[in-house]
Protein chains: 2
Amino acid sequence: MVRRASSLTVRELVEQLIDDIRAGVVGDQEKKLPTELSLMQRYQVTRYTLRQALAQLSNLGYLYQAQGRGIFVRPQVEEYGMALQDWGGLAAAFQRQGKQLTTKTATITPILAGQAQFQPLKGLLEPTTPLWSVHRQRYLDGQPYLDERSYYLRDFVPKIPPEALFGSLFKFMQAQVPQALGFQDKVLTATIVTPELEKFFQLPIGSPVLTISDDSYFNSGQLIAFSSLNCDFRKTQLFLFKKLS
Amino acid sequence: MVRRASSLTVRELVEQLIDDIRAGVVGDQEKKLPTELSLMQRYQVTRYTLRQALAQLSNLGYLYQAQGRGIFVRPQVEEYGMALQDWGGLAAAFQRQGKQLTTKTATITPILAGQAQFQPLKGLLEPTTPLWSVHRQRYLDGQPYLDERSYYLRDFVPKIPPEALFGSLFKFMQAQVPQALGFQDKVLTATIVTPELEKFFQLPIGSPVLTISDDSYFNSGQLIAFSSLNCDFRKTQLFLFKKLS
DNA sequence: TAGTGGTCTAGACCACGAA
DNA sequence: TCGTGGTCTAGACCACTAT
């Protein structure tokens with residue numbers, strides 16, 4: 001018989017580890033963490049569970065494990081940065097850095113896919129597919145930072161309350177949507193400001209804009225939303241951590 | 001006693017699966033793969049090994065697993081695209097798409113860190129650290145595509161043969177370097193063309209450039225190289241797949 | 001040689017989706 | 001309800017690092 005010996009799941013352990021690392025509860029000054037064995041005992045989990053959690057943290061760039069040497073915490077690069085692999089909404093990510101992302105302008109309109117300004121990255125929608133068209137302009141510490149256009153499939157997201165527009169739409173989706181969120185495809189490109197964005201960002205004509213397009217899917221593989229985020233290039237750095245296998 | 005029941009390691013299984021999926025050997029027309037149980041039997045591996053491999057493929061965006069439904073192959077977006085999580089070598093990635101990345105100009109010079117045009121993303125080097133300064137201009141199907149400046153720490157990469165400059169420096173490193181490669185930090189930004197790049201890309205003044213900066217580390221945590229890749233924004237899309245759970 | 005992380009085996013229960 | 005993937009247990013051997 002298999003007993004659940006620990007009270008911690010992988011997900012909980014990840015949260016706990018992040019907190020403990022931040023608080024300096026585990027790890028010494030040289031940013032070295034205890035060995036796997038110690039951590040297993042400390043958190044009362046099996047090696048499998050521990051290593052699942054460490055792998056997640058490692059993929060987020062929080063730490064790395066070196067065979068024969070130990071586990072090391074990695075310094076974070078911050079300053080106007082977004083970690084592409086980090087999860088949750090943008091606002092939460094910036095809040096961890098002591099910055100505030102606020103939405104000052106937000107509109108929502110029901111439209112049909114044929115009227116949308118762009119299509120999903122993969123595949124085309126029937127022109128009659130009902131969508132919510134959401135446009136938000138967001139400010140970082142009071143400065144224009146992000147212009148976001150997203151389209152949600154009304155068939156799967158019947159209602160978006162206006163309050164949600166000024167908070168984290170991601171969290172709203174996570175909580176209110178009938179199925180579990182699955183994954184996103186993202187495409188990053190550099191583009192040239194449109195007259196509209198030129199005004200918003202107060203950029204000269206022809207300036208760059210960093211664009212993040214993404215399609216969001218349910219776990220079932222059903223497309224649920226697609227969006228385009230245009231960022232002020234002077235303020236945007238996108239971080240990524242990659243294992244070299 | 002634990003026996004190695006299978007001849008396949010996770011890494012081999014990943015390669016095998018990619019090949020078999022491409023060749024259509026596994027999976028039906030609807031792009032559905034057999035169940036985990038079938039795959040375990042087919043490749044003679046345990047569930048653990050199989051799932052490690054599937055997780056890797058899933059993180060690369062090749063497939064996704066839906067609880068209760070099965071395993072599905074995902075269509076790849078291509079066309080001037082680079083998968084940020086994929087490339088062990090750009091040239092190989094493009095080759096899979098039938099495109100050819102060639103290096104036409106390459107120079108290598110020994111310098112000291114104080115003379116470098118930029119520093120690593122994380123931390124500063126002593127100005128007297130000996131480096132190799134490498135500059136390459138690369139063409140995609142004959143068109144200017146990429147301007148690359150990289151710096152390698154001479155203490156750890158004593159020699160870079162000129163031939164290597166025209167092939168995959170990544171593969172050279174992987175093969176010739178004394179320690180195992182570990183991970184990379186990447187930062188993506190949009191910038192404005194410098195006069196030099198303006199000429200290379202034949203872009204108007206003030207045009208955007210998509211810049212990928214990265215630091216490469218040994219598994220030991222030792223920095224080994226840092227570089228900056230400037231891409232023609234008209235031809236560059238960077239793909240990323242992100243799980244949402 | 002001891003200690004660390006990396007990999008693998010074998011089996012169990014859990015949760016979701018489709019029939 | 002049954003089959004699927006998701007999670008967890010418990011233990012073994014392998015490979016790299018430091019001593």
Side-chain angles (χ1 to χ4, degrees), chain A residues 1-14 27-28 30 32-41 43-59 63-73 177-183 218-222 243-245, chain B residues 1-14 27-28 30 32-41 43-59 63-73 177-183 218-222 243-245:
Chain A
M1 184 170 68
V2 177
R3 298 226 216 83
R4 289 289 176 273
S6 82
S7 48
L8 288 181
T9 66
V10 171
R11 183 186 300 265
E12 291 163 347
L13 183 54
V14 168
D28 58 22
E30 290 159 358
K32 190 174 180 194
L33 254 57
T35 67
E36 289 189 348
L37 187 58
S38 318
L39 291 171
M40 283 164 65
Q41 290 163 349
Y43 295 103
Q44 285 295 299
V45 293
T46 61
R47 195 163 172 219
Y48 177 92
T49 304
L50 176 65
R51 280 180 65 79
Q52 293 279 326
L54 291 175
Q56 286 195 25
L57 291 171
S58 173
N59 281 327
L63 54 81
Y64 69 93
Q65 293 188 269
Q67 192 169 14
R69 300 201 332 128
I71 306 170
F72 301 85
V73 177
V177 132
Q179 305 177 43
L181 297 184
F183 50 86
F218 284 125
N219 211 313
S220 65
Q222 168 65 51
K243 283 195 184 170
L244 292 176
S245 112
Chain B
M1 184 169 68
V2 176
R3 297 225 217 86
R4 290 289 176 273
S6 83
S7 48
L8 288 180
T9 67
V10 171
R11 183 185 301 264
E12 291 162 348
L13 184 53
V14 167
D28 58 25
E30 291 160 356
K32 188 171 180 196
L33 255 57
T35 68
E36 289 188 348
L37 187 57
S38 318
L39 291 171
M40 284 164 64
Q41 288 162 352
Y43 295 104
Q44 285 296 298
V45 294
T46 61
R47 193 160 175 222
Y48 177 93
T49 304
L50 176 65
R51 281 181 65 79
Q52 292 279 324
L54 291 176
Q56 285 193 27
L57 290 171
S58 172
N59 281 327
L63 53 81
Y64 69 93
Q65 293 188 268
Q67 190 167 14
R69 301 202 330 129
I71 307 170
F72 300 85
V73 176
V177 132
Q179 305 176 45
L181 298 184
F183 51 87
F218 284 126
N219 212 313
S220 65
Q222 168 66 49
K243 284 194 184 170
L244 288 176
S245 98

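Quick caveat, the model's predicted, so the values are computed rather than measured. The chains referred to below are lettered A, B, ... by the order of the sequence lines, with proteins before strands, and numbering in each begins at 1.
- Shown here are the side-chain contact (heavy atoms from CB on, under 4.5 Å) partners of B/Ser38, two or more places apart in sequence or in another chain: B/Pro34, B/Thr35.
- Residue A/Gln41 contributes atom CD, which lies 14 Å from atom C1' of C/dT4 at whole-angstrom precision.
- If you take CD of A/Gln44 and C1' of D/dA10, they are 14 Å apart, rounded to a whole angstrom.
- Across the protein-nucleic acid pair, A/Leu181 atom CG and C/dC16 atom C1' stand 16 Å apart, rounded to whole Å.
- For B/Arg69, the side-chain contact (heavy atoms from CB on, under 4.5 Å) partners two or more places apart in sequence, or in a different chain, are A/Ser220, B/Tyr64, B/Ala66, B/Phe72.
- Residue order along DNA chain D, read from the 5' end via each residue's closest nucleotide, puts A/Asn219 first among A/Asn219 and B/Gln179.
- Note: CZ (A/Phe218) to P (C/dC16) measures 15 Å, nearest angstrom.
- Using a 4.0 Å cut-off, some side-chain N or O of B/Thr49 falls inside it from OP1 or OP2 of C/dT9.
- When rounded to the nearest whole Å, the span between OH of A/Tyr48 and P of C/dA12 equals 16 Å.
- For A/Glu36, the side-chain hydrogen bond (donor to acceptor under 3.5 Å, both in side chains) criterion is met by A/Arg47, A/Arg51, A/Gln65, not counting sequence neighbours.
- With contacts defined as side-chain heavy-atom distances shorter than 4.5 Å, the pair A/Asn59/A/Lys243 qualifies.
- Residues satisfying the side-chain contact (heavy atoms from CB on, under 4.5 Å) test with B/Gln56, not counting sequence neighbours, are B/Val10, B/Val14.
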What N/O pairs connect the protein and nucleotides 2-5 of chain D at under 3.5 Å? Give each pair on its own line.
unit_1	atom_1	unit_2	atom_2	d
D/dT4	O2	B/Gly68	N	3.3
D/dG5	OP1	B/Glu36	N	3.4
D/dG5	OP2	B/Glu36	N	2.9
D/dG5	N2	B/Gln67	NE2	2.8

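- Atom CE in A/Met40 sits about 12 Å away from atom P in C/dT4, given to the nearest Å.
- When rounded to the nearest whole Å, the span between CG of B/Leu50 and P of C/dC8 equals 12 Å.
- Remark: P of C/dT7 and CD of B/Gln52 are 8 Å apart, rounded to the nearest angstrom.
- Considering only residues two or more places apart in sequence or on other chains, B/Arg11 meets the salt bridge (Lys or Arg N to Asp or Glu O under 4.0 Å) condition with none of them.
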